[in-house]
Each structure stands twice: as C-alpha cells, then as structure tokens.
Amino acid sequence: MSIDFDVHHGNGTQEAFCGDETVFYFSSHQAFAYPGTGVESDHGTGKGLGYTANHPVMPDSGDREMLEIYTEDLPEAVQRFAPDIILVSAGYDLHESDPLAQLHVTTGGIRHIVREILRSAAVPFVFFLEGGYDVDALGANVRVTPEEMLEE
Ligand SMILES: [Zn+2]
C-alpha cells in the first residue's frame, strides 16, 4: 500500500499502479495544484478499479480537513485492503510555511497525520522524504516522523 501526504498529487505513483489490484494508492493533496491530477473520481482502472483513493483538499483548508481524511477515510481503506507493508510518500510541503502550497497544515497537524498512519496497521512502514521547500520548517516537520515511530 502507498500512502501519499505530499501536497502535490503523486501522478507517477498513481499511473504506475492504477491498474494493479495488489497496490492500493491513497493520496491527499491540494486541489488544482501541480500537477493537476488526482480528482476524487479517479478510483483506478481495470483490475485496479477500487484500489486508488484520491482526496483533493481545497487551498486554505488547514488541519481539520486533512485530519478528517486520516482519521476517517484512511483507517477504512487500510482495513479493507489489509496491506503487508505501507510505503509513505512523506512530503512535508503541506506545511503552513511552504512557499509552493497553500494547505496551511501545522506541525502539530503533520504529527497527527503521521500518528494516524502508523496506527492504521501493524505492518512495516517505510517513509520516503518527498517535498518541503521551507528548509527550516522541513527540519522540524521531518523530525516529527521518527518521534512518532518511537512512540508506537
Ligand atoms: Zn510536493
């Protein structure tokens, strides 16, 4: 399973796995931001239909909208798919200080998202660092991830 909280839609990941029922792709991203893909009605194709979930979030949304996705939609998807491993596209450009995005998620919100991901299944996790363009904020936000891993 691939979970992607980078503020940009993972169009390459989706394209690689949209027809594959063995990889569930779950993404949250800022609606209308680059690359413009990832509409909610994209659920996969062929055998992969139902194994892609896109959650575009409107600009200026903030923590509450993002946390609804990770506390309500994510656990349901994980339970249904029952993954063996979860690979996370950890892009910290959803943060409020990021110059390339307008989602306004706080560091506390990112911590909560990471916590919900880690609690969603008792499987191995791999977090891949993706975006994050305010360098000072990036350091603080990346740090949240191993801190939460050590809590679990
Ligand atoms: Zn990004």
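Side chains included, hydrogens not; waters and symmetry mates left out as well; all remaining heavy atoms used.
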Next item on the list: Give the minimum heavy-atom separation between Ile86 and Ser120, together with the two atoms involved.
Entry: CD1-OG, 4.0 Å
Item checked: Minimum side-chain heavy-atom gap Val78-Pro83 below 4.5 Å -> yes
Notebook entry, point to check: Do Gln14 side-chain atoms and Thr52 backbone N/O form a donor-acceptor pair below 3.5 Å?
Noted result: no
Check: Can you find a pair of side-chain heavy atoms, one from Leu100 and one from Val7, that are under 4.5 Å apart?
Finding: no
Check: Linking I/L/V/M/F/W/Y whenever their side-chain heavy atoms sit closer than 4.5 Å, directly or via other members, would Val123 and Met1 fall into one cluster?
Finding: yes
Notebook entry, point to check: Under a 4.5 Å cut-off applied to non-hydrogen side-chain atoms, are Leu67 and His112 in contact?
Noted result: yes
Notebook entry, point to check: Does any pair with a residue in residues 87-100 pass side chain to side chain donor-acceptor pair (under 3.5 Å), and if so which ones, sequence neighbours excluded?
Noted result: His8-Asp93, Ser89-Glu130, Tyr92-Thr145, His95-Ser97, His95-Thr107, Ser97-Asp134
Check: Does the side chain of Phe127 reach to within under 4.5 Å of the side chain of Leu118, using non-hydrogen atoms?
Finding: yes
Note to self: Within this structure, what is the CZ-OG1 distance for the pair Phe81 and Thr22, rounded to the nearest 0.5 Å?
What the structure shows: 6.5 Å
Check: What's the shortest heavy-atom distance between Val88 and Phe125, and which atoms?
Finding: CG2-CD2, 4.4 Å
Margin query: Which heavy atom of Gly10 sits nearest to which heavy atom of Ser27, and what is that distance?
Written below: N-OG, 4.4 Å
Check: Have Asn54 and His9 got a donor and an acceptor in their side chains that come within less than 3.5 Å?
Finding: yes
Checklist line | Pairs touching residues 71-81 that satisfy side chain to side chain donor-acceptor pair (under 3.5 Å), sequence neighbours left out | finding: none
Check: About how many Å separate OG of Ser61 and CD of Glu68, when rounded to the nearest 0.5 Å?
Finding: 9.5 Å
Check: Looking at Pro146 and Val142, what are the two nearest heavy atoms and their distance?
Finding: CD-O, 3.1 Å
Notebook entry, point to check: How about Asp60: does its CG atom have over 12 heavy atoms from other parts shown lying under 6.0 Å from it?
Noted result: yes
Check: Is Ile3 reachable from Val57 through a run of hydrophobic residues whose side-chain heavy atoms are each under 4.5 Å from the next?
Finding: yes
Margin query: When you compare the side chain of Ile69 with that of Leu74, does any pair of heavy atoms fall below 4.5 Å?
Written below: no
Check: With a 6.0 Å cut-off on ring centres, are Phe26 and His55 close enough?
Finding: yes
Check: Under a 4.5 Å side-chain heavy-atom rule over Ile, Leu, Val, Met, Phe, Trp and Tyr, are Ile117 and Leu129 clustered together?
Finding: yes
Notebook entry, point to check: Considering only heavy atoms from C-beta outward, does the side chain of Ser28 approach that of Leu94 to under 4.5 Å?
Noted result: no
Check: Would you say the side chain of Gln30 lies within less than 4.5 Å of the side chain of Gln102, judging by non-hydrogen atoms?
Finding: yes
Notebook entry, point to check: How many angstroms lie between atom CZ of Arg143 and atom CD1 of Ile110, to the nearest 0.5 angstrom?
Noted result: 14.5 Å
Note to self: Would you compute the distance between atom CE of Met66 and atom CD1 of Ile113 and round it to the nearest 0.5 angstrom?
What the structure shows: 4.0 Å
Item checked: Heavy-atom check, side chain of Tyr70 versus side chain of Phe5, under 4.5 Å -> yes
Margin query: Could you report the tightest heavy-atom contact between Gly50 and Phe24, atom names first, then the distance?
Written below: O-CE1, 3.5 Å
Margin query: With no hydrogens and no angle check, just 3.5 Å: does a side-chain donor-acceptor pair link Tyr25 and Asp4?
Written below: yes
Check: side chain to side chain contact (heavy atoms under 4.5 Å, CB included) between Tyr51 and Phe17: does it pass, once the steps are laid out?
Finding: CA-CA 9 Å; Tyr51 295 91; Phe17 299 113; over 6 Å; no
Margin query: Do Leu138 and Val114 sit in one hydrophobic cluster, given that two such residues count as connected whenever their side-chain heavy atoms are within less than 4.5 Å of each other, even indirectly?
Written below: yes
Margin query: One thing to verify: whether Arg111 and Glu148 come together as a salt bridge, which I'm taking to mean a side-chain N less than 4.0 angstrom from a carboxylate O.
Written below: yes
